[in-house]
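To find a chain, count down the sequence lines: A is the first, B the second, and so on, and within it residues start at 1. Side chains are part of it too, since the values below use all heavy atoms of this structure and drop only hydrogens, waters and symmetry mates.
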Number of protein chains: 2
Amino acid sequence: MTAQARGLHARVLDSLGPAITAGEYPPGSVLRTDELAQRFEVSRSVMREVVRVLESMHLVASRRRVGVTVLPAAQWNVYDPQVIRWRLAGADRPRQLRSLTVLRSAVEPVAAGLAARHASAEQCAALTECALGMVATSRGRRLEEYLVHDIAFHRIVLDASGNEMFARLGDVVAEVLAGRTHHDVMFEDPDPAAVTLHVRVAEAVREGDGPRAEALTREIAEGALRELDILAPPPTR
Amino acid sequence: MTAQARGLHARVLDSLGPAITAGEYPPGSVLRTDELAQRFEVSRSVMREVVRVLESMHLVASRRRVGVTVLPAAQWNVYDPQVIRWRLAGADRPRQLRSLTVLRSAVEPVAAGLAARHASAEQCAALTECALGMVATSRGRRLEEYLVHDIAFHRIVLDASGNEMFARLGDVVAEVLAGRTHHDVMFEDPDPAAVTLHVRVAEAVREGDGPRAEALTREIAEGALRELDILAPPPTR
DNA sequence: GTGATGTAAAAGTCTGACTTTTTGAGCACA
DNA sequence: TGTGCTCAAAAAGTCAGACTTTTACATCAC
């Protein structure tokens, strides 16, 4: 799935980045560019470019005479898709998945409400098609096919909201949904109630009923949160 | 406000980045690293690092034998604080401000609801203090002082939500609020209704009443959106 | 103890040579 | 005419080494 030969830069980045987000280098750790270059067997130029990118993600800070300091997680650009991917691949995947699901629960209802007002005819049609696709694949262990429709559905809603900040969360939602299907226990067919809700959201959007689309999407989100509470430890407190 | 002597890399980045987000190089434009290096009078190494960072923001894509291609805005990492700053400083500031305000209207109510459940005693106290500070400075053209309290208030709510994705939006909210006070017409004292709502949100959080905190924050957000509708052209359609 | 001074460590910058990938032109062949 | 192959050039990618600049820290004088 993930390409292998995208150049040295990308390979080193994909090795060092996850190591940092996984906490292998605790905040405050100091690295040296030269040492890293040796460790990864690349030239200083390549390593400098990698450090610059990590710096732009606020994963590290580079200071003269000190070195490259790992920053505390509170400063990381947690909205950077690459950072999200690295963290989802790492150990605190469950916590990450929960954070993102909570974010979804805030954003998607509002996005659906806006979509009801802004969606084009094509988008409405596509949405309905996705919902029907979900219904069709919701039984009989066709999880992969269901997932495709589910992702497409939520992407369309976010796009149709007309808000670019919402639209850009499409990838995040895709990651969360895929994560749920692939990694977490998902032996059962999808919850029939959720499927129905998706159909009704598509309806509401088609009819331009913003408040209803919003309320229904809120129900979907709450369902996802409940599901997460069952599978993963809630806030662990 | 903005530092000047942070090294060549940062200076070139702060010159090229805004130029791209401002649309000076339309999507599909092809730049060459060497040419850019000449134009900005820096070495290729520096320019390469700049390009790598722009690439990590998905503002450009670099391909062999082709050059550095400017990507369409739909692919930009619009959650990157630096990109947000560049865009807010540019021409489509109004649109940007609207997108971010809509995002706030989705996120902050949910964050407030969570804060009511998770806020520590210290956070509750700080929140109340901010609200009182807002009351105290809400009359008599003390906009700057008011702004400080307003920003602190929203930051605390987002932090207290216990969700890192929400917490990281503190800077965005600060930018939006500051933008409203500084750039947009804001001759009047703050809306008294908004001030009262902040006080009541602080109360609700202190009392652990999530639903009320959420509802009240939703009112604040709706007020902000209304205000924006008056000052700036709505969705221009 | 306080403050000036010097030193060395690390990032920052520049240069030039070389490698690798990729595009598109030119050409052969059907 | 069109299809596919070869090849050369263009641009990014990589490397190595020298030099500059900043700055933390130790040392020394007072």
Is A:Arg64 side chain donor-acceptor paired with the D:dT23 base, going by distance under 3.5 Å alone? no
Is the base of D:dT22 touched by the side chain of A:Arg65 through a donor-acceptor pair closer than 3.5 angstrom?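 Flag unset: no donor-acceptor pair detected.
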Looking across every strand, which nucleic acid part, if any, lies under 4.0 Å from A:Ser45 by heavy atom: base, sugar-phosphate, or nothing? base
Please work out if A:Arg44 contacts a base, only the sugar-phosphate, or nothing of the nucleic acid, heavy-atom cut-off 4.0 Å. base
More than 12 heavy atoms of other groups within 6.0 Å of B:Arg39 CZ: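 More than 12 within 6.0 Å, yes.
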A:Glu35 atom CD, over 12 foreign heavy atoms within 6.0 Å: yes
Would you kindly give the [atom1]-to-[atom2] distance between [X] and [N], to the nearest whole Å?
X       : N      : atom1 : atom2 : value
A:Arg63 : D:dC25 : CZ    : P     : 9 Å
B:Phe40 : C:dC14 : CZ    : P     : 14 Å
B:Leu31 : D:dA10 : CG    : C1'   : 16 Å
B:Leu54 : D:dA12 : CG    : P     : 14 Å
B:Arg6  : D:dT22 : CZ    : P     : 15 Å
A:Gln38 : D:dC15 : CD    : C1'   : 14 Å
A:Leu36 : C:dA10 : CG    : P     : 12 Å

Position toward the 5' end of DNA chain D (nearest nucleotide), A:Glu49 or A:Val66: A:Glu49
Taking for each residue the nucleotide of DNA chain D with the nearest heavy atom, is it B:Asp34 or A:Glu41 whose nucleotide lies nearer the 5' end? B:Asp34
Ignoring backbone atoms, establish whether [X] has a side-chain N or O less than 4.0 Å from OP1 or OP2 of [N].
X       : N      : answer
A:Ser62 : C:dA10 : no
B:Arg48 : D:dG13 : yes
B:Thr33 : D:dA12 : yes
B:Arg52 : D:dG13 : yes

A:Arg32 has a side chain; which of C:dT13, C:dT21, C:dA10 sits nearest to it?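 Taking heavy atoms from C-beta onward, the closest nucleotide is C:dA10.
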Which of these nucleotides, C:dT13, D:dT14, C:dT23, is closest to any side-chain atom of A:Val46?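 For A:Val46, the side-chain atoms sit closest to D:dT14.
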Please check: side-chain N/O of B:Thr101 versus main-chain N/O of B:Leu97, any donor-acceptor pairing under 3.5 Å?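 Looks like yes, one N/O pair under 3.5 Å.
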Where do A:Ala160 and A:His118 come nearest, in terms of heavy atoms and distance? O-CB, 3.4 Å
Are B:Arg52 and B:Glu49 within salt-bridge range, i.e. N to O under 4.0 Å?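 Between B:Glu49 and B:Arg52 there is no salt bridge, as every charged N stays at least 4.0 Å from the carboxylate O atoms.
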